[in-house]
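First the structure, in the form of structure tokens, and then the observations on it.
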Amino acid sequence: MAEKKQRLLLIDGNSIIYKAFFALPANRFTNDKGIHTNATYGFNRMLDTMLDIVKPTLALAAFDAGKITFRTKMYSDYKGGRKPTPDELIQQFPYVKRLLKARGIKSYQLNNYEADDIIGTLSKRAEKLGYETTIVTGDRDLTQLCSNLTTVSLSKTGVSSVEHFTTEHVIDKFGIKPSQIVDVKALRGDNSDNYPGVTLIGHKKAIKLIQKYGSMENVYQHLDDFSGKKMQQHLIEDKDKAYLAKKLATIDRQSPVTIKLSQVPYLGDQIDQLISFYKDVGFHSYLMQLNNSGKISSPKIKYTQLDSKHLKLIDHLNLDKPVTFYLAMPEPNYHLSPFAGFVIGQEDKWFVSKDIDLLNSNPIKHILESNQIFKNVFDAKRTYVGLNRLGIKLAHINFDMLLVSYLLNTNDNSNDLGKVAAKHGDFNIKSDEQVYGKGAKRSIPDDEILLKHLVSKAMAINNLQDQMFSQLKTNNQEKLYRQIELPVAFTLARMEIAGITVDTNVLNQMKNKYTERLSQVESDIYNQAGEKFNIGSPKQLGKILFEKLQLPVIKRTKTGYSTSVDVLEKLAGESKIVQNVLEYRKIAKILSTYIDGLLKVVHSTDHKVHTRYLQTLTQTGRLSSVDPNLQNIPVRTPEGKKIRKAFIPSHKGWEIFSFDYSQIELRVLAAISGDRNMQKEFAENDDIHASTARRIFNLKSNADVTPNLRRQAKAVNFGIVYGISAFGLSRNTGISRARAKSFIEKYFQEYPNVKKYMNGEVDKAHKLGYVETISHRRRYLPDIHSKNFHQRSFAERTAMNTPIQGSAADIIKIAMIKMERAIQNMSATMLLQIHDELIFEAPDSEIEELTKLVPKTMDSAVKLDVPLKVSVNYGKSWYDAK
DNA sequence: CGTATCACG
DNA sequence: ACGTACGTGATACGG
């Protein structure tokens, strides 16, 4: 019987690890211990690709042994002048070697030799035995080893894609045979390895010569061919260099490699080692992949499929302990999503069904609505809204896994239970994308797969609660969770359900008016440009403005000319077409985003829009709003502001109310910095920007402050809140850098504790790795240690800004919870939150009460050393509530 | 699916 | 010398 065909995979360890390091952003890949893992991750990606292609029977990874090799003895400057290997990469060598071992691949190095020589020697031995060899490297020079049995796979910039070089491919691509690569290098040298070839012979000329003469030596046999040319002289003078270069470039295929091919079988993944390795470095996606590959025996999922005849089984649950519940809605928009099924249970008792009607039967309904029985869920708000559609009032939540995960680390803001579970060490849950598919292929899978998936989710919620709660306690975040985030989830759910009424007639009338205005401006622009083009395409617009019409280029983007407002505004003075483009943009934006966009999402049944607040997304603790976003409805321009006329009360004889915190972020700053001067100004109800102007411009009293000075001071106050720099301030206000710098210095003199606060937050971020708000909401800032100036500066500004923006977010959340309780006996309804502003609707009869009650509740939400101020407006539409 | 632009606090 | 203001979402374009 013929012996089994052997396939050998040889890995150029050093080369691949370097390539991976520079291909993937180092700071995107850091584990909990702060160790970079980008090269390790990239290396593993390469392994996946190569193992899949080659399916090796033998495998070895070769590494350089050190700086001193036989080549440095020949030529001391060999590889001289290279930058030292970055620390972040050196750290990863032990990881990569452990990874290789866990994946069943031996690592090998040899004193005095480079990885290339080990690979050259072993591939030669393999050829003699008739083995197929694949060499994976990032170094082109190794293509000199190509033969009919040996392929060189060169990894490209993206780590996992490779280009396979066979003998034919080398000839095709380089125009010479593999063995002639060293001849080319003999003539041209190698800059990166720091040895010269022949003066004035570069890559192209060297190839031409070798194509003609076959080898470097043969070029020297025919020196006469070059008589009379400069090149002859160079060839003669640099002959020694050329011969040395050839020696340096030639891979030693007879090196004293001690390991035998029979000693490097490819063993395949060593599952236990690999799991512990992936856990140590934090490769969650690989753990999930391993899990889904079926290579790990996952815990048995035992469940009972429930039907209407067997609801009695639920009585076996211990209702003194929390019951875990999961409601499956495959679409992101839970106001509209169909229901796919549900799970209810605890510990080792799980009941699952696709029959949603069962939820309205007892004892399930009773359990969900009970104020005595604790429930565990993933995303309380989503679950509440879903159940509300079925007429069930979810109450008494103990553990919301999504919310807790977000509070523990705002960076982990995935909404997928499988991914969140993996972050907390449970790798047995598939992501929804894996189960339902994505894009056009999305569908509900077969019952067995679906039900198992749902049960596995509920089990993860059940299994992770203790561990995640204990972390919450360690972080001192229990109050934040139980008294702010969890209650506000329900407040938000009820606001979303309430929705806000939209008068589509108003929008449709605006649509007609603006469409006509847009086509007028459009034809003006075409006339002024002398041709038709797509005004909405920055590329085409740039061509017209900066090439055809020769307007001065003020700013560029990565891809071409910038045509953003600040650029166009600078050009508007000299050009009518630019004014028209600005007008066109403004109207087009209102039409597409606000008129058409809103009309698309108004529910036909109740004439309302029901936004969804994302409670676990932002890094600061703010909410965001989607589908539609009601936190960015226009207000700054008269044309845009008219959109607000479409937002009206849901009943005749009602009003829309707006309650605004005035300068809440500056007040928070005054409070948490403890700056007496700023506190005093707020206590005395001064115009804060005027007071700032008085201070930085050395005026006697606020009465001396001109509108222009006040405007500049206001900009400085904004800058302070954002984590100021002179550069940022000058850029944003148009004042000189020097002037901006002097403003900031004076500001810090006048408000000394603000400066102390800023420095203190940056220090905290350095020492602890995070900053926090007044309610202990945390934001981790790994980039604070970055060596990259840009990234580090950003982390520093974030350290200053997050406690301010985040504490303001805490305050309004507290106010919302209190507000809901305060109006529970009124008809008034809270509808929207826009960061520092709450929108209500209420009957005329409640105007007086509400306009007193809301500000009182909002300004007493928390106790600060600074008063909070709330302004009130109301009217027949949101537009009129001004 | 990434980039540019622009809407809000 | 370096060279960014903080936090979001929706839309249109174009590869």
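Values in this document were obtained by computation on a predicted structure and should not be read as measured data. Sequence lines set the chain letters: A, B, ... in the order given, protein chains first and strands last, and positions in each chain run from 1.
Contact between the side-chain N/O atoms of A:Ser537 and the OP1/OP2 oxygens of C:dG14 is found at a separation under 4.0 Å. A sub-4.0 Å separation between OP1 or OP2 of B:dG9 and a side-chain N or O of A:Arg636 is present. When the side-chain nitrogen and oxygen atoms of A:Thr557 are compared with OP1 and OP2 of B:dT3, none of them lie within a distance under 4.0 Å. For the pair A:Lys539 and C:dA12, the criterion of a side-chain N or O lying under 4.0 Å from OP1 or OP2 is not met. OP1 and OP2 of B:dG9 both lie 4.0 Å or more from every side-chain N or O belonging to A:Gln833. Taking 4.0 angstrom as the limit, A:Asn801 places none of its side-chain polar atoms (N or O) nearer than this to OP1 or OP2 of C:dA5.
Residue contacts shown for A:Arg731 are limited to sugar-phosphate atoms, with no base heavy atom under 4.0 Å away. Across all strands shown, A:Gln619 has heavy atoms under 4.0 Å from sugar-phosphate atoms exclusively, and none from any base. Using a 4.0 Å heavy-atom cutoff across all strands shown, A:Val721 reaches no nucleic acid atom at all. A:Ala715 comes within 4.0 angstrom of a nucleotide base, judged by non-hydrogen atoms across all strands. Within 4.0 Å of A:Gly536, counting heavy atoms only, lie sugar-phosphate atoms of the nucleic acid but no base atom. Backbone-only engagement by A:Ser625 is indicated by non-hydrogen atom pairs under 4.0 Å involving sugar-phosphate atoms exclusively. Residue A:Ile804 is classed as having no contact, given no heavy-atom separation below 4.0 Å to the nucleic acid.
The shortest distance between side-chain heavy atoms of A:Thr692 and A:Arg710 does not fall below 4.5 Å.
Residue order along DNA chain C, read from the 5' end via each residue's closest nucleotide, puts A:Thr620 first among A:Asp627 and A:Thr620.
Side-chain proximity of A:Pro538 to the nucleotides B:dT5, C:dT4, B:dA7 is greatest for B:dT5. Taking the side chain of A:Leu729 as heavy atoms from C-beta on, and the options C:dC6, B:dA7, C:dA5, the nearest nucleotide is C:dA5. For A:Pro634, the listed nucleotide lying nearest its side chain is B:dC8; candidates were C:dG3, C:dT8, B:dC8. In the set C:dG7, C:dT4, C:dG14, C:dT4 carries the atom at the smallest distance from any side-chain atom of A:His790. Distances were taken from every side-chain heavy atom of A:Arg644 (C-beta onward) to each of C:dG14, B:dC8, C:dG9; the shortest belongs to B:dC8. Of the listed nucleotides (B:dG9, C:dG3, C:dA10), B:dG9 has the atom at the smallest distance from the side chain of A:Val635. Among C:dG7, C:dG14, B:dT3, the nucleotide with an atom closest to any side-chain atom of A:Thr618 is C:dG7. For A:Arg797, counting side-chain heavy atoms from C-beta on, the closest listed nucleotide (C:dT8, B:dG9, C:dT4) is C:dT4.
Under a 3.5 Å cut-off, the side chain of A:Arg778 and the backbone N or O of A:Thr773 do not form any donor-acceptor pair. Side chain of A:Gln579 to main chain of A:Ala572: a donor-acceptor pair is present (N/O by atom type, distance under 3.5 Å, no hydrogens or angles).
Rounded to an integer number of Å, the gap from A:Tyr613 OH to C:dT8 C1' is 13 Å. The interatomic distance linking A:Asp836 (CG) with C:dG7 (P) rounds to 17 Å, in whole Å. In this structure, CG of A:Leu623 is placed 11 Å from P of C:dG9, rounded to the nearest angstrom. Atom CG of A:Asn632 and atom P of B:dC8 are 8 Å apart (whole Å). The interatomic distance linking A:Glu639 (CD) with B:dC8 (P) rounds to 12 Å, in whole Å. Computed from coordinates, the A:Ile633 CD1 to C:dT8 C1' distance equals 14 Å when rounded to whole Å. In this entry the distance linking OH of A:Tyr722 with P of B:dC8 reads 13 Å, nearest Å. As rounded to whole Å, 16 Å separates atom P of C:dA5 from atom CD1 of A:Ile735.
Side chain A:Asn732 to base C:dA5: a donor-acceptor pair is found below 3.5 Å. Between the side chain of A:Ser725 and the base of C:dT4, a donor-acceptor pair under 3.5 Å is found. With hydrogens and angles ignored, no donor-acceptor pair closer than 3.5 Å exists between the side chain of A:Gln631 and the base of B:dC8. With hydrogens and angles ignored, no donor-acceptor pair closer than 3.5 Å exists between the side chain of A:Arg779 and the base of C:dG7.
Residues A:Arg622 and A:Glu665 are paired through a salt bridge, judged by an N-O separation under 4.0 Å between the basic side chain and the carboxylate. A salt bridge links A:Glu583 to A:Arg517: at least one charged side-chain nitrogen sits closer than 4.0 Å to a carboxylate oxygen.
B:dG2 is paired with C:dC13 under the criterion used here, namely a Watson-Crick or G-U wobble arrangement in which both key atom distances are under 3.5 Å. Pair assignment for C:dT4: none, as no Watson-Crick or G-U wobble contacts are both less than 3.5 Å.
None of A:Val762, A:Leu781, A:Ile784 except one satisfies the side chain to side chain contact (heavy atoms under 4.5 Å, CB included) rule with A:Thr798; the exception is A:Leu781.
Taking atom P on both nucleotides, B:dA4 is separated from C:dA5 by 14 Å, rounded to a whole Å.
Because its NZ or CZ atom is both nearer than 6.0 Å to the ring centre of A:Tyr751 and within 45° of the ring axis, A:Arg695 counts as a cation-pi partner of that residue. The cationic atom of A:Arg667 (NZ for Lys, CZ for Arg) does not lie both less than 6.0 Å from the six-membered ring centre of A:Tyr661 and within 45° of the ring axis.
No side-chain N or O of A:Arg792 forms a donor-acceptor pair with one of A:Ser786 less than 3.5 Å apart. Side-chain N/O atoms of A:Gln631 and A:Ser625 include no donor and acceptor closer than 3.5 Å.
Using a 30° and 60° split on the angle between ring planes, A:Tyr561 and A:Phe546 fall in the tilted class, from 30° to 60°.
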A:Thr410 and A:Arg779: CA distance, side-chain angles, deciding distance, side chain to side chain donor-acceptor pair (under 3.5 Å) verdict: CA-CA 6 Å; A:Thr410 49; A:Arg779 180 174 185 177; 5.4 Å; no

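The side-chain ring of A:Phe789 is not stacked on the base of C:dC2, judged by centre separation under 5.5 angstrom and plane angle under 30 degrees.
By the side chain to side chain donor-acceptor pair (under 3.5 Å) test, A:Thr491 pairs with A:Glu820, sequence neighbours left out.
Taking a 4.0 Å limit (strictly below) on heavy-atom distances, residues 561-569 of chain A reaches DNA chain B at A:Ser562, A:Thr563, A:Ser564, A:Val565. Of all the residues in residues 585-597 of chain A, A:Lys589, A:Ser592, A:Thr593, A:Gly597 reach under 4.0 Å from DNA chain C with at least one non-hydrogen atom.
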